[in-house]
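All values below were derived from every heavy atom in this structure, side-chain atoms included, with hydrogens, water molecules and symmetry-related copies excluded. None of the values given here were measured: they were computed from a predicted structure.
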Amino acid sequence: MTHTERNQIKQLLKNTFWQFEDESDCDITPKLVRQFAQSQLHPDVIEATAINLSGRGFWTRVEKLCNLTLHARYWLTLD
C-alpha cells in the first residue's frame, strides 16, 4: 500500500469518526485506531472487521470499518 492510499484511508477515517477530526495524519497510527475501537465500538464490529489484528492489511481493514459504518448510518437515516 502506498503512502497516498494510506493517507486517503486516514482522511476517510477522519470523515467517518469525529474523534479523529483534529488529528494529523502522522498522529493516526494503528495503535491509536485500535485503542479507539476498543473503547468506542461494539465487540461484534471489532471482530467482524478484524480491526484489533495487527500486520499486513491493517489499513484495508480500517477502510472496511469506515465503509461499514457509513453504510449503516445511511440505512439508519432512512426511517
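To the nearest 0.5 angstrom, N15 atom CG is 14.5 Å from K10 atom NZ. Rounded to the nearest 0.5 angstrom, L65 CG and I46 CD1 are separated by 9.0 Å. In this structure, the separation between CD1 on I9 and CD1 on I28 is 11.5 Å, given to the nearest 0.5 Å. If you take CD on Q8 and CZ on R6, they are separated by 12.0 Å, rounding to the nearest 0.5 Å. Taken from OG1 in T2 to CH2 in W59, the straight-line distance is 13.0 Å, to the nearest 0.5 Å.
When all heavy atoms are compared, the tightest approach of L53 to F58 is O-CD1, 3.5 Å.
Applying the salt bridge (Lys or Arg N to Asp or Glu O under 4.0 Å) rule to pairs touching residues 23-32 yields K14-D25, sequence neighbours excluded. A salt bridge (Lys or Arg N to Asp or Glu O under 4.0 Å) check over residues 54-64, counting only residues at least two apart or in different chains, returns nothing.
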Contacts table for residues 35-43: side-chain donor-acceptor under 3.5 angstrom, sequence neighbours left out:
unit_1, atom_1, unit_2, atom_2, d
S39, OG, Q35, O, 3.2
S39, OG, F36, O, 3.2
H42, ND1, D44, N, 3.0

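Grouped by direct or indirect side-chain proximity (heavy atoms under 4.5 Å, Ile/Leu/Val/Met/Phe/Trp/Tyr only), L68 sits alone.
Under the side chain to side chain donor-acceptor pair (under 3.5 Å) criterion, R34 pairs with no residue, sequence neighbours left out. Considering only residues two or more places apart in sequence or on other chains, N67 meets the side chain to side chain donor-acceptor pair (under 3.5 Å) condition with none of them.
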Side chain to side chain contact (heavy atoms under 4.5 Å, CB included), that's the test. Do V45 and I51 meet it? Break it down for me.
CA-CA 9 Å; V45 174; I51 203 73; over 6 Å; no

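For the residue pair N7/Q11, the side-chain donor-acceptor check at 3.5 Å is not satisfied.
In the hydrophobic cluster analysis, where Ile, Leu, Val, Met, Phe, Trp and Tyr join through side-chain heavy atoms closer than 4.5 angstrom, L70 is grouped apart from L13.
Using a 4.5 Å heavy-atom threshold, the side chains of R73 and T16 count as touching.
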